[in-house]
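Any value given below was found using the heavy atoms of this structure, including those in side chains, with hydrogens, waters and symmetry copies removed.
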Amino acid sequence: MAPRAAAGPVARGVAARAAAAPAPVVAAKSSRRSAVVVRATAAPVAQVRTAEGLQVPHGPAAKLVNLMAPASEHAALKAACNKRIELSDRHACDVELLTVGAFSPLEGFMNKAEYDSVVANMRMTNGLLFGLPIVLDTNSEDIVPGDKLLLTYQGQDLAVMTVDSKWTPNKPLECLKCYGTSSLEHPAVQMVAMERGKYYIGGPIKGLALPTRVFPCASPADVRSTLPSNQDVLAFQCRNPIHKAHYELFIRALDAPNVRNPGAVCLVHPTCGPTQDDDIPGVVRFRTYEVLKEETKNPRLRWAYLPYSMHMAGPREAIQHMIIRKNYGCTHFIIGRDMAGCKSSLSGQDFYGAYDAQELANKHAVELNMQTVPSLNIAYTEEKGYVTADVAKAENLHVLNLSGTKFRQMLRAGDDIPEWFAFKSVVAVLREQIQSEAN
């Protein structure tokens, strides 16, 4: 069977999205600490660690969940199933993250009580912080509590679920609480209202297999095995190709005042699951990251790929990402302006304030045993290269700009892209995809 990528809807053209991520504006090479926003913690904070010197997993038991059933049990588990559900791309990502423990301490899809609690309070019924509900939906009238469901995806048997709860969700309330709006102008509200079925079902799962993908997605246990003991581990989340400014941003974050050095590393952990319809496909994003990893060969970086389905939920999604990265072993989370934000599909107005996600992350960082490393925008200047935007303004430096529109035009035309803006290897991948789309 040929490998497949669960990357969501097919994109309508890489050139139209190659510069979709706002280019962060980066600090003078002689003063890397100035690139870190003042909202960051002033100094390192003592954090709870495992016996191996790594970040503790999320939850009162501080245990990384592994829901994969032994191969010897697979036949009996499947034989006990009385119904079958074909998973969407988004659900396949959720099943994978549940199975490998990225959503620890969850052991399956949330039941009604847990769903109601997370929607209303951003906490589970035991008080544990959780950003967004993890649910499975269906339109089936026949599924009832007690059923055992075989969860399939593109020809694979991924898991067996024991249904212990079925309900009709209050979708407008869910969206208002989780996304701050119930307007269909928000992409996640559209997803909840137009993609999800009439009912939600919850219950524990037993994993049978992980989705077959073109890009490998290391489990939390896999990533943890690569991390240094008793060192700080920063997480950098992105969903678009990484250009020079983004790279400068997370390299400089390693020298933030609240990061212990030497020895700190950064996990570059892009989401390669479904995001927005106009984003670059996951497979293409994966290729840009792989060539960049090879081009930079930076020993202070770790690279892994996350099969996560973005909600563009702003502040609440920031909490969700922090919990996931905590389970992958990270102690710090790099968080920029308007993280996981989105705009109205009609007016183009932002749904969240520029610092809403940072503020909620900072509020709950100690409870999560995490630290935040918020970052300023960075800009490229003729005189000093990359510097923070405030430095460029204060010193009246000449900032070079390359708009997204101009970048896309240059990609299509085969023009040289300035080396200060993008990595040659990344540009080559994007151009190759543009050519394949044109043929």
Side-chain angles (χ1 to χ4, degrees), residues 58-61 63 65 67 77 80-88 90-99 101-153 158-182 184 186 188-207 308-309 311 313 315-317 319-320 323-324 327 364:
H58 192 49
K63 179 183 177 182
V65 170
L67 302 180
L77 284 168
C81 294
N82 60 327
K83 293 183 177 71
R84 175 189 303 259
I85 284 184
E86 174 68 13
L87 300 171
S88 66
R90 292 180 183 274
H91 288 326
C93 289
D94 286 344
V95 167
E96 180 169 1
L97 293 175
L98 284 167
T99 299
F103 286 144
S104 292
L106 297 187
E107 296 186 351
F109 288 101
M110 292 180 177
N111 60 28
K112 185 178 187 303
E114 297 293 358
Y115 162 84
D116 286 341
S117 183
V118 171
V119 167
N121 307 309
M122 204 171 72
R123 294 183 182 276
M124 299 178 65
T125 53
N126 64 358
L128 184 69
L129 199 67
F130 217 92
L132 297 167
I134 308 299
V135 295
L136 184 62
D137 63 273
T138 181
N139 282 314
S140 174
E141 303 287 347
D142 298 332
I143 293 176
V144 295
D147 281 342
K148 290 190 179 294
L149 308 179
L150 182 61
L151 306 182
T152 62
Y153 177 66
L158 294 190
V160 170
M161 174 181 178
T162 301
V163 180
D164 64 16
S165 186
K166 181 181 181 182
W167 69 100
T168 302
N170 184 337
K171 291 183 178 181
L173 178 63
E174 173 188 345
C175 293
L176 187 61
K177 289 287 190 178
C178 293
Y179 310 134
T181 179
S182 56
L184 288 173
H186 190 293
V189 177
Q190 288 186 28
M191 179 271 292
V192 170
M194 301 164 67
E195 294 181 22
R196 286 186 178 172
K198 178 180 178 180
Y199 304 107
Y200 287 176
I201 52 178
I205 69 168
K206 293 288 188 181
Y308 176 81
S309 171
H311 290 245
R316 279 227 188 181
E317 189 139 46
I319 298 298
Q320 197 85 328
I323 291 170
I324 292 171
N327 285 327
H364 294 289

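- In this structure, NE2 in His58 is found 7.5 Å from CG in Asn327, a value given to the nearest 0.5 Å.
- When all heavy atoms of Asp164 and Pro204 are compared, the pair lying nearest together is OD2-CD, 3.8 Å.
- Taking every heavy atom of both residues into account, Cys175 and Val189 meet most closely at CB-CG2, 3.8 Å.
- In this structure, the side chains of Arg316 and His311 stay at 4.5 Å or more apart for every pair of heavy atoms.
- Contact record, Val119 with Pro133: CG2-CG, 4.0 Å, taken as the closest heavy-atom pair.
- With sequence neighbours excluded, no residue forms a salt bridge (charged side-chain N to carboxylate O under 4.0 Å, His left out) with Glu317.
- Tested against Ile201 for a side chain to side chain contact (heavy atoms under 4.5 Å, CB included), the candidates Leu136, Asn111, Val135 yield a single pass: Leu136.
- Nearest heavy-atom pair across Ile323 and Ser104 is CG2-O, 4.5 Å.
- Residues Leu150 and Val160 are in side-chain contact: their nearest non-hydrogen atoms beyond the backbone lie under 4.5 Å apart.
- Contact detail for Ser182 and Pro172: the closest heavy-atom pair is CB-O, 3.8 Å.
- The two residues Ser309 and Cys93 come nearest to each other via the heavy atoms N-CB, 4.3 Å.
- Using bins of under 30°, 30° to 60° and over 60° for the plane-to-plane angle, the ring pair Phe109/His91 lands in the perpendicular bin.
- Not counting sequence neighbours, the partners of Asp116 by the salt bridge (charged side-chain N to carboxylate O under 4.0 Å, His left out) test are Lys112.
- Atoms CD1 and CG, from Ile205 and Leu158 in turn, are 9.0 Å apart once rounded to the nearest 0.5 Å.
- Judged purely by atom type and a 3.5 angstrom limit, Glu195 has no side-chain atom pairing as donor or acceptor with the backbone of Gln190.
- A ring pair (Phe, Tyr, Trp, His ring centres under 6.0 Å) check over residues 112-133, counting only residues at least two apart or in different chains, returns the pairs Tyr115-Trp167, Tyr115-Tyr200.
- Side-chain contact between Ile134 and Gln320: present, with at least one pair of heavy atoms (C-beta onward) separated by less than 4.5 Å.
- Annotation: side chain of Val95 is not in contact with side chain of Met161 (no heavy-atom distance under 4.5 Å).
- Between the NZ atom in Lys148 and the SG atom in Cys81 there is a gap of 7.5 Å [rounded to 0.5 Å].
- Around CD of Glu107, the count of heavy atoms belonging to other residues, nucleotides or ligands within 6.0 Å does not exceed 12.
- From Ile324, atom CD1 reaches atom CD1 of Ile319 across 11.5 Å, with rounding to the nearest 0.5 Å.
- Lys198 meets the salt bridge (charged side-chain N to carboxylate O under 4.0 Å, His left out) test with Glu141; sequence neighbours excluded.
- Partners of Lys171 by salt bridge (charged side-chain N to carboxylate O under 4.0 Å, His left out), not counting sequence neighbours: none found.
- Counting heavy atoms from C-beta outward, Tyr153 and Glu96 have side chains that stay 4.5 Å or more apart.
- Note that the CG atom of Leu132 and the CD atom of Glu174 stand 9.0 Å from one another [nearest 0.5 Å].
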- May I have the step-by-step check of side-chain contact (heavy atoms from CB on, under 4.5 Å) for Thr152 and Leu87, ending in yes or no? CA-CA 6 Å; Thr152 62; Leu87 300 171; over 6 Å; no
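- In this structure, Ile143 and Ile85 have side chains that are in contact, with non-hydrogen atoms separated by less than 4.5 Å.
- Atom CG in Asn121 sits 10.5 Å away from atom CG in Leu129 (nearest 0.5 Å).
- Using a 4.5 Å cut-off on side-chain heavy atoms (C-beta onward), Val65 and Leu106 make no contact.
- For Asp142, the side chain to side chain contact (heavy atoms under 4.5 Å, CB included) partners two or more places apart in sequence, or in a different chain, are Lys83, Ser140.
- Tyr199 is not listed as a side-chain neighbour of Asn139, based on a closest heavy-atom distance of 4.5 Å or more.
- Between the side chain of Thr125 and the backbone N or O of Glu114 there is no donor-acceptor pair closer than 3.5 Å.
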